[in-house]
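Scope of the values below: all heavy atoms of this structure, side chains included, with no hydrogens, waters or symmetry mates. Quick caveat: nothing in here was measured; it's all calculated off a predicted structure. Here is how names work: the chains are called A, B, and so on, in the same order as the sequence lines, proteins then strands, and each is numbered from 1.
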Number of protein chains: 2
Amino acid sequence: MKREWDLLHTPGPTPIPPSVERAMNQPMIGHRGQKCKDLLKSIAPRLKPVFGTSGEVLVLTGSGTSALEAAVVNTTQPGDEVIVVVAGAFGERFAKICETYELHVHRIDVEWGRAVEVAQVEQTLKSSNQVKAVFLTHSETSTGVMHPIESIAERINELSDALVVVDGVSSVGGSLLDMDRFGIDLLVSGSQKAMMLPPGLAFVAMSERAWQTIQNNDRPRFYLDLRSYYDRLGEGQTPFTPALSLLFGLEEVLQLMEEEGVQQVSERHLLMQKMTRDACRALNLPLLVSEQEASTTVTSIRPQTFEAEQLRKLANEEFGLILAGGQKHMKGEIFRIGHMGYCRPANVFQYISVLEVLLKRLGHDFDAGAGSAAAQEAYLQGTREET
Amino acid sequence: MKREWDLLHTPGPTPIPPSVERAMNQPMIGHRGQKCKDLLKSIAPRLKPVFGTSGEVLVLTGSGTSALEAAVVNTTQPGDEVIVVVAGAFGERFAKICETYELHVHRIDVEWGRAVEVAQVEQTLKSSNQVKAVFLTHSETSTGVMHPIESIAERINELSDALVVVDGVSSVGGSLLDMDRFGIDLLVSGSQKAMMLPPGLAFVAMSERAWQTIQNNDRPRFYLDLRSYYDRLGEGQTPFTPALSLLFGLEEVLQLMEEEGVQQVSERHLLMQKMTRDACRALNLPLLVSEQEASTTVTSIRPQTFEAEQLRKLANEEFGLILAGGQKHMKGEIFRIGHMGYCRPANVFQYISVLEVLLKRLGHDFDAGAGSAAAQEAYLQGTREET
């Protein structure tokens, strides 16, 4: 089937709004000229509310992983003690980067599909008084778990001076992370998930305290040296040639978010999560993650009566509905639905109905239309005050 | 709500596939250069299967109405007797054009929401032996009726030498009109419905017999003189500057149709019609048109328990779902759903679920999820052989 007909519901990349596509399809500009300065100066202040910070948000040209690495190399020195919460593939990646950079890593391993408990972080933190930073994933894309960042950050800040570093790749733009209020020091993200852009931009938001650490850190680094990005920001510049068409698109993304309202964007994601989960329950589809631990942007299902990969294949072939599979040891065990970015309740209705058809084909037992009815009821409950 | 979020389900204009948008967004070319000749020569033969003809399909730059007018002015002379079937706003338009050009019009008025019967055409035809042409609408967009063109054309051809002229504006590309086999002499259409393009192109397909009449007709005409279009076609030219970006798009539309298969495109439309109608019945929504008389591209609903206009307003405000209202005396009486062109079963699932939510808001009585279940069942029935 041609891409034209696809219903892209992986947890990133996600569909691009037409106005963002149009914004990206503009003539190139010189990256040292006034037009680029104007663009960067338009973007910089408008990123702040999305990250919930009054501090600066730096824009790097790179995959989300480049921002994870930037967070590590800019805040630590070899031998530093750090804590990394590993509850899925992206926690694992943070740990791997920390190990690569010769840190002394205290891993907190959490069962995939579960969130870390505040007490676990607290206990590990208390086992050493040398911890320089705690690395956490907000929405663990590989499982659809959302860790309780607010409570964890609060506890870390009470107990230590460790920096709180959060991977918000699949949550920023899809779940309000009030960085300053939560006490997060570094919040990093990428462009291709709730930010409604193609991959290629990475974001690093910093607290004043993080900036002090970064400034005084003499670990060698060049492309990912956040000092160069910060120093150029005031002049409306980037240290290296930026992915200009993505910046054109980002300006339009911010426009769309402002028109809807950042708070409303977050509420829409929560509503889509509830619709999806309620529908899954009505369809007798076992959810991997509990209600309290569920991500607002991605939902994982661990089917019992059919093969996850068979469903994904059928969805792709028959409807162009692109779902994600499990990662690492969860491959074949689960399938994942992304509901973030350029996605709205009407898209949830659509994939639930499509799932119902596919489940019928697979001989899965449920009441016809029960998933659609549940998604509709969740929508009506969640929007009752608007009527 | 921004256009970005709209679910456009009027019976034309219809959504544009992204690859068609991209095709249209290409640099202008000279309309007398080789590139334009190549483009027109690529398009001309590939339009024929869409119209079900081995004859030529002329492309005019204009609204669909320009093609209706071209059909009239090219085939008739003042005072000629013609029959016009009037069963809605577009039959009415054909009649008006015929009257404007001083024809002697025998109207066959049919109740809005009903199809004409073969016997009615037969009877009118027998009342005069001077009828030069019969003007018919295939899919009457204003009501969602599809007239039995095949049987009517067959009967006209048995009984007379009258040309059979069909308005296929909302059917060509959405319902296989096998023009040559059905015995249709002129089949006209527009770009903005099942042809998946913006408005601006009009099509006229001609039989050999129609071409003879047109050639020998000395009624004054200039922009709509089909002789100029026909004469230039062989050279890969148009008589006047064509809407080039729409031609770029048309080439891609034909590519999409060929990849899916013209027969399959037609079957998809029939499937979407069945899904929509079955869902409406399950939702206790009264259909304006009977099963036998229903269009494959547009479905009209005449609600009894709420105001059609209130539903349309709510659909637009809450979901960006754009539905059409009634026309002329049916304004406020009915609402119409377009399901044609760049529209697939998953879109039907989507608007049915959205309708269910809106009907709940309006207090309409139905079993939760019943419409979704019915649409899914119709889909499964219609695609059973593929499993």
Side-chain angles (χ1 to χ4, degrees), chain A residues 1-7 15-22 25 196 252 255-256 259-260 275 279 282 314 317-321 342-362 367-380 383-384 386-387, chain B residues 1-7 15-22 25 196 252 255-256 259-260 275 279 282 314-315 317-321 342-361 366-377 379-380 383-384 386-387:
Chain A
M1 198 181 287
K2 275 199 84 138
R3 279 203 291 269
E4 303 308 308
W5 295 95
D6 277 359
L7 306 168
I16 312 300
S19 67
V20 176
E21 282 186 348
R22 286 192 299 273
N25 286 327
M196 306 190 280
E252 174 62 19
Q255 180 70 28
L256 290 174
E259 282 169 13
E260 186 176 358
M275 291 167 67
L314 203 57
E317 287 174 359
E318 187 165 350
F319 289 97
L321 172 63
Y342 183 52
C343 184
R344 62 203 129 171
N347 295 92
V348 178
F349 291 145
Q350 186 173 46
Y351 64 64
I352 293 300
S353 238
V354 167
L355 273 180
E356 287 181 322
V357 165
L358 298 170
L359 293 175
K360 285 273 179 217
R361 292 225 191 275
L362 292 168
D367 293 338
S372 295
Q376 291 163 22
E377 181 55 29
Y379 174 85
L380 285 163
T383 54
R384 189 134 295 174
E386 286 176 27
T387 57
Chain B
M1 197 182 287
K2 275 198 83 137
R3 278 202 292 266
E4 304 307 307
W5 295 95
D6 278 358
L7 306 168
I16 312 301
S19 67
V20 176
E21 283 187 349
R22 286 192 300 274
N25 287 325
M196 305 191 279
E252 173 61 20
Q255 180 71 27
L256 290 174
E259 282 168 13
E260 186 176 358
M275 291 168 66
L314 203 57
E317 286 173 358
E318 187 165 350
F319 288 97
L321 172 63
Y342 182 51
C343 184
R344 61 203 130 172
N347 295 91
V348 178
F349 291 145
Q350 185 172 50
Y351 65 63
I352 294 300
S353 239
V354 167
L355 273 180
E356 287 181 323
V357 164
L358 298 171
L359 293 175
K360 286 270 179 219
R361 292 223 190 278
F366 66 98
D367 293 337
S372 295
Q376 291 162 23
E377 182 54 30
Y379 175 84
L380 285 163
T383 55
R384 190 136 290 176
E386 288 175 25
T387 58

query = Once you round to the nearest 0.5 Å, how far does CG of L7(B) lie from CG of N347(A)?
reply = 7.5 Å
query = Which bit of L256(A) is near chain B, if near means a heavy-atom gap under 4.5 Å: side chain, backbone, both or neither?
reply = side chain
query = To the nearest 0.5 Å, what is the distance between CD (E252(A)) and CE (M196(A))?
reply = 8.5 Å
request  = Under 4.5 Å heavy-atom distance to chain B, tell me which part of Y351(A) shows up: side chain, backbone, both or neither.
outcome  = neither
request  = Sort out for me which of E356(B), K360(B), R344(B) touches chain A most, counting heavy-atom pairs under 4.5 Å.
outcome  = R344(B)
message = With chain A as the partner, which of A375(B), A374(B), S372(B) has the greatest number of non-hydrogen pairs under 4.5 Å?
response = S372(B)
inquiry  = Can you tell me which of P17(B), A368(B), P18(B) forms the most heavy-atom pairs within a distance under 4.5 Å of chain A?
reply    = P18(B)
task = Taking all heavy atoms of A346(B) and all of F319(A), pick out the closest pair and write down the distance.
result = CB-CD2, 4.3 Å
remark   = Scanning both residues in full, the closest heavy-atom pair of E318(A) with T383(B) reads OE2-OG1, 4.4 Å
inquiry  = If I measure from the heavy atoms of chain B, does N25(A) come under 4.5 Å with its side chain, its backbone, both, or neither?
reply    = neither
ask   = Which heavy-atom pair separates F349(B) from M275(B) by the least distance, and what is that distance?
value = CE2-CE, 3.4 Å
task = Decide yes or no on side-chain hydrogen bond (donor to acceptor under 3.5 Å, both in side chains) for S353(B) and Q376(A), but give the supporting numbers first.
result = CA-CA 7 Å; S353(B) 239; Q376(A) 291 163 22; 2.8 Å; yes
Atom group of E377(A) that falls short of 4.5 Å from chain B, counting heavy atoms = neither
